Amino acid sequence: MAKSRAEMVEETRAKLIQAGRKAFALHGYADASMDDLTAEAGLTRGALYHHFGDKKGLLQAVVDQIDTEMAAKAHALSAREKDIWKQLLAEAIAYIKMALEPEIQRIILRDGPAVLGDPSQWPSQNVCLGRTMEGLQGLIDAGVIKPVDTEATARLLNGAALNAAMWIASSDNPKAVFIKAVEAFKHLAGGLLQTED
């Protein structure tokens with residue numbers, strides 16, 4: 001059965017994103033050759049320009065894909081926890097831990113911000129923000145944490161996790177930094193907990 005035009009377009013986009021992801025992870029954004037990555041995908045530079053506009057557009061698509069995968073992975077890991085407070089912590093810590101992965105270090109935490117700007121403004125970050133806000137509201141409703149502004153608190157928690165991840169990615173000793181960052185994050189987040197009078 002012949003593929004529809006929409007299927008062929010999606011297949012071409014997927015090939016380019018996969019080739020871009022591989023090239024950006026291996027060589028970094030600056031040193032990734034558009035000729036090499038399009039040849040890897042069996043396509044032309046024209047296909048890249050048509051689908052993404054330019055190399056930066058391809059990076060945005062790669063970042064969106066990886067960021068979405070990271071959010072799904074962190075959410076799945078947090079869902080293993082029964083306690084809703086532990087779920088919130090587990091999701092943030094899972095995100096921070098992913099900064100130990102070389103592909104994420106290079107594409108999401110170093111090249112992405114350098115080329116695409118502030119990660120808190122990336123479209124994929126809105127999903128994370130919304131999920132954190134929902135989690136916080138559930139914790140407020142359950143009386144687990146203090147009644148706080150959920151958007152402000154979600155932005156601060158997500159910002160702390162992102163900055164911890166960026167610190168890990170740029171460190172000479174990522175594993176040691178990860179341990180320190182998680183410990184500090186737990187202390188910061190713990191300030192939200194209701195205290196018994």
Side-chain angles (χ1 to χ4, degrees), residues 1-78 91-92 94-132 155 158-159 161-175 177-178 181:
M1 176 180 249
K3 292 179 185 173
S4 71
R5 174 155 171 68
E7 288 172 325
M8 291 189 314
V9 166
E10 189 51 42
E11 186 177 289
T12 299
R13 281 183 57 81
K15 283 181 181 178
L16 286 165
I17 290 170
Q18 189 57 39
R21 186 170 174 165
K22 183 177 176 183
F24 297 147
L26 190 61
H27 305 292
Y29 176 81
D31 293 330
S33 159
M34 292 197 323
D35 288 332
D36 290 347
L37 75 87
T38 53
E40 167 91 15
L43 298 165
T44 64
R45 279 179 85 154
L48 184 139
Y49 291 127
H50 175 74
H51 289 281
F52 301 104
D54 56 14
K55 187 177 174 183
K56 183 177 176 181
L58 178 60
L59 177 65
Q60 180 68 64
V62 169
V63 163
D64 288 346
Q65 183 183 71
I66 296 172
D67 212 22
T68 299
E69 290 170 6
M70 290 172 69
K73 184 177 177 181
H75 185 65
L77 289 170
S78 74
E91 191 156 350
Y95 181 87
I96 295 168
K97 186 173 185 179
M98 285 183 246
L100 295 170
E101 299 174 25
E103 178 188 54
I104 290 170
Q105 285 180 2
R106 178 168 250 168
I107 297 173
I108 298 293
L109 300 170
R110 290 199 302 258
D111 287 349
V115 176
L116 304 174
D118 180 6
S120 71
Q121 301 302 309
W122 296 349
S124 54
Q125 289 295 312
N126 291 331
V127 174
C128 294
L129 180 65
R131 189 174 285 145
T132 304
R155 287 187 182 280
N158 287 3
L162 174 62
N163 275 291
M166 292 174 82
W167 180 30
I168 291 164
S170 63
S171 168
D172 291 334
N173 191 346
K175 290 181 181 176
V177 170
F178 167 73

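Quantities reported herein were computed from a predicted structural model and do not represent experimental measurements. Sequence positions, counted from 1, serve as the residue numbers for this chain.
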Problem set entry | Nearest heavy atoms of Lys55 and Ala30, plus distance in Å | NZ-O, 3.6 Å

Exercise. Who are the side-chain contact (heavy atoms from CB on, under 4.5 Å) partners of Leu129, not counting sequence neighbours?
Worked result: Met133, Ala154, Arg155, Asn158

Problem set entry | Partners meeting salt bridge (Lys or Arg N to Asp or Glu O under 4.0 Å) with Lys97 (sequence neighbours left out) | none

Exercise. At what distance, to the nearest 0.5 angstrom, does CG of Asn173 lie from CD1 of Ile168?
Worked result: 11.0 Å

Problem set entry | For Gln18, all residues meeting side chain to side chain donor-acceptor pair (under 3.5 Å), sequence neighbours excluded | none

For this session: Please list all pairs passing the salt bridge (charged side-chain N to carboxylate O under 4.0 Å, His left out) test where one or both residues lie in residues 161-174, with sequence neighbours left out.
Result: none

Exercise. Is there a donor-acceptor pair closer than 3.5 Å between any side-chain N or O of Thr132 and the backbone N or O of Cys128?
Worked result: yes

For this session: Just jot down the salt bridge (Lys or Arg N to Asp or Glu O under 4.0 Å) partners of Glu10, sequence neighbours excluded, or say none.
Result: none

For this session: Could you list the residues that satisfy salt bridge (Lys or Arg N to Asp or Glu O under 4.0 Å) with Arg106, not counting sequence neighbours?
Result: none

Problem set entry | Minimum-distance pair of heavy atoms, taken over all atoms of Leu37 and Ala19 | O-CB, 3.3 Å

Problem set entry | Closest approach of Tyr95 to Ala165 (non-hydrogen atoms, all atoms of both residues) | CE2-CB, 4.1 Å

Problem set entry | Under the salt bridge (Lys or Arg N to Asp or Glu O under 4.0 Å) test, residues paired with Lys73 that sit two or more places apart | Glu101

Problem set entry | Heavy-atom side-chain contact between Leu48 and Leu43 under 4.5 Å | no

Problem set entry | Under the side chain to side chain donor-acceptor pair (under 3.5 Å) test, residues paired with Gln60 that sit two or more places apart | Asp64

For this session: Output the distance between atom CD (Gln65) and atom CD1 (Ile108), rounded to the nearest 0.5 Å.
Result: 9.5 Å

Problem set entry | side chain to side chain donor-acceptor pair (under 3.5 Å) partners of Ser33, counting only residues at least two apart | none

Seminar exercise, completed: Contacts of Phe24 meeting ring pair (Phe, Tyr, Trp, His ring centres under 6.0 Å) (sequence neighbours excluded), chain-then-number -> Tyr29

Exercise. How close do Arg131 and Ala71 get, heavy atom to heavy atom, and via which atoms?
Worked result: NH1-O, 3.5 Å

Problem set entry | Asp31 side chain near Leu26 side chain, heavy-atom distance below 4.5 Å | no

Exercise. By side chain to side chain donor-acceptor pair (under 3.5 Å), which residues pair with Arg45, not counting sequence neighbours?
Worked result: Asp35, Tyr49

Exercise. Could you state the interatomic distance from CG (Leu58) to NE2 (His51), rounded to the nearest 0.5 Å?
Worked result: 11.0 Å

Exercise. Which atoms form the tightest heavy-atom contact between Ala25 and Glu103, and what is the distance?
Worked result: CB-CG, 4.0 Å

Exercise. Roughly how far, to the nearest 0.5 Å, is CD of Glu7 from OG1 of Thr12?
Worked result: 11.5 Å

For this session: Take Leu109 and Leu162, measure what side chain to side chain contact (heavy atoms under 4.5 Å, CB included) needs, and give me the verdict at the end.
Result: CA-CA 8 Å; Leu109 300 170; Leu162 174 62; 4.1 Å; yes

Problem set entry | Distance (rounded to the nearest 0.5 Å) between Leu16 CG and His50 NE2 | 10.5 Å

Problem set entry | Any residue meeting side-chain contact (heavy atoms from CB on, under 4.5 Å) with Thr44, in chain and number order, not counting sequence neighbours | Ala47

Problem set entry | Minimal non-hydrogen separation, Phe52 against Ala61, with atom names | CE2-CB, 3.5 Å

